Amino acid sequence: MKALVVGGGGREHAIAAALSRNPDTSIFSVMARPNPGISRIAKKVLLHKETDTQRIAAFAKECAIDYAVIGPEAPLEAGVVDALEAAGIPSVGPSRAAARLETDKAFCRELMHKNRIPGCPEYRVFHNTDDAVAFIENHDGDLVVKPIGLTGGKGVRIMGEQVDRHGAIEYVRSLNGIAVIEERLLGEEFTLQAFVDGTGLVPMPLVQDHKRAFEGDTGPNTGGMGSYTMPDHRMPFVAAADYTKALEIMQATITAMAQSGHPYKGILYGQFMNTAKGPKVIEYNARFGDPEAMNVLSLLSSDLGEIACGIADGTLCSKNVTFEKKATVCKYLVPEGYPDKPASGKPITIGDDKEALLYYANIEEKDDSLFTLTSRTLAFVGMGDTLEEAEQHAEQAASSVRGNVRYRRDIGTRKLLESRIAHMKGLR
Ligand code: AMP
Ligand code: GLY
């Protein structure tokens, strides 16, 4: 089978690596800039803008691609799945209309509200500055201000954490009042990703990501500095009832999408806040998470290609989806100064540690040397029977890298996990 992977980050390297574990699958790639990991696996690469949907569909036809897997959200928003399917190429990813679950935060909240889907925080959608400002001025309690469109996870302002009431008002003014404003949720975040075939879902192991740049969850928000999974595929601060509820919320969302005439297929990424009153949806993404894809795809023991075909033709079956019962810890190395002033163009060298999986992300390979760019550089995934073992593998590999890069040593440590558990206990 010929599989096309769209996108060139760490997530897409993990997708290509998982697909290529089947020796009968050959990988084709469209990416905006070369990812050395994907280039090594791929039979053919088109270096091209990932939102040029017509060019991507034409390339897929030229290469007689059997199915496509879309990594990032931008091509989905541009309608790459619509273009591929019009060219007769089955795809893992939602249509442009169905991708609004991620690309339009107002659409997402209104779908949940109209269909009485549990887990929706109190929210209001605003289209002008006066109304939005008046709402923030007169509201008791902390709020969260979100732009309606895509912002790479960096567009949210949280009162009581990043801004005060005055700062929230300034921010909503800068958005010309076009925003979703919602209650601030308190709790522990977790990620539930699922394979979705239009009507049903098959869940992947729970993951916890770390958005903040620095240890101890301090500093600015990033695309995600690293993430971990547990051997039982759950999180110790997510009770069985919370997990069931989160699955019900995702299933109800998929059912509502099908009823709306825009069935959802692809990967559905639910970002949840486990609150004192159970899980609430922070947002949906219409794709794998980055870094979360690297955790779950490293564990996947069944054939991703077969799953992809089940998603594309609506015959996905949970029997064909298995994950190893191991822990994973993913640590991203990022340029010094990331995300505000990343040191790009700096040489790095990687030690010869063989215990962790290496996924390349935003990195340049020139004359056999590696250089940082402006975004996340590369990631290591350690695996093991326990979290400790997985963390040690990731940590050893990460500490072997020399150059102007840094990473969070605390990700995947027992100490950080214990603080999450204690936080959840304190809330309940
Ligand atoms: P998003 O762009 O929606 O993923 O939001 C980025 C980050 O903002 C999330 O990972 C959360 O940590 C935080 N966040 C978003 N919405 C809320 C909310 N309603 N309450 C508390 N934190 C939130
Ligand atoms: N890890 C967050 C995201 O992929 O959006």
Side-chain angles (χ1 to χ4, degrees), residues 7 9-12 14-15 70-74 76-77 99 101-109 112 119-124 139 141-163 168 171 175 179-193 204 206-213 217-229 267-277 279-297 330-332 334 339 359 361 375-376 379 408 411 420 423 427:
R11 164 182 51 210
E12 290 76 24
I15 294 171
I70 318 304
E73 60 277 21
L76 295 169
E77 186 182 42
L101 263 189
E102 169 170 4
T103 61
D104 181 342
K105 288 193 197 291
F107 170 85
C108 173
R109 289 305 187 213
M112 293 186 76
C120 186
E122 296 289 323
Y123 75 97
R124 295 270 306 269
H139 189 277
D142 285 342
L143 294 167
V144 176
V145 181
K146 302 183 171 187
I148 285 175
L150 293 178
T151 58
K154 294 160 204 158
V156 171
R157 293 293 179 278
I158 302 170
M159 267 171 68
E161 197 176 299
Q162 297 154 317
V163 289
Y171 186 57
L175 300 173
V180 174
I181 302 182
E182 57 193 35
E183 65 175 307
R184 178 183 178 198
L185 301 169
L186 294 178
E188 272 301 318
E189 284 183 51
F190 67 91
T191 302
L192 173 54
Q193 300 169 99
M204 303 182 224
L206 294 187
V207 194
Q208 191 175 43
D209 184 19
H210 298 74
K211 295 246 178 210
R212 299 302 200 93
D217 291 329
T218 55
N221 268 336
T222 69
M225 294 294 294
S227 44
Y228 65 95
T229 64
I267 310 301
L268 184 61
Y269 168 121
Q271 191 187 349
F272 288 92
M273 184 76 87
N274 207 19
T275 70
K277 293 189 206 139
K280 305 261 181 187
V281 176
I282 292 179
E283 69 165 353
Y284 284 122
N285 291 324
R287 50 172 175 79
F288 281 110
D290 188 350
E292 291 96 325
M294 293 186 272
N295 299 88
V296 296
L297 292 176
C330 174
K331 299 201 186 209
Y332 246 127
V334 301
Y359 294 110
S375 195
R376 295 174 290 181
R408 274 183 61 170
I411 291 173
R420 311 273 191 228
H423 180 212
L427 285 173

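Keep in mind that this is a model prediction, so the values were computed, not measured. Note that ligands are numbered from 1 as they come in the structure, with each ligand's atoms numbered from 1 the same way.
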Short question: side chain of Lys331, backbone of Ile411 - any donor-acceptor pair under 3.5 Å? yes
Can you figure out which of Ile181, Asn221, Val144 has its heavy atom closest to atom 17 (C) of ligand 1? Val144
Structural part of Leu186 in contact with ligand 1, heavy atom criterion under 4.0 angstrom: neither
Any luck finding a side-chain donor-acceptor pair between Thr229 and Asn295 under 3.5 Å? no
Please name all residues satisfying side chain to side chain donor-acceptor pair (under 3.5 Å) with Asp104, sequence neighbours left out, ordered by chain then number. none
Answer yes or no for Arg11 and Phe288: cation-pi contact, defined as NZ/CZ to six-membered ring centre under 6.0 Å and angle to ring axis within 45°. no
Decide, yes or no, whether a salt bridge links Arg184 with Glu161 under the criterion of side-chain N to carboxylate O below 4.0 Å. yes
Is there a side-chain contact between Pro279 and Phe190, using heavy atoms and a 4.5 Å cut-off? yes
For ligand 1, note which part of Glu183 has a heavy atom under 4.0 Å away: side chain, backbone, both or neither. backbone
Say whether Arg184, considering both its backbone and side-chain N or O atoms, lies within less than 3.5 Å of an N or O atom on ligand 1. no
Arg376 side chain to Asp290 main-chain N or O, any donor-acceptor pair under 3.5 Å? yes
Can you tell which of Thr191, Asp217, Leu185 gets a heavy atom nearest to atom 21 (C) of ligand 1? Leu185
Neighbour list for ligand 2 [protein residues, heavy atom under 4.0 Å]: Asp209, Lys211, Gly223, Tyr269, Asn285, Arg287, Gly289, Asp290, Pro291, Glu292
Below 4.5 Å, heavy atoms only, C-beta onward: do Ile282 and Phe272 meet side chain to side chain? no
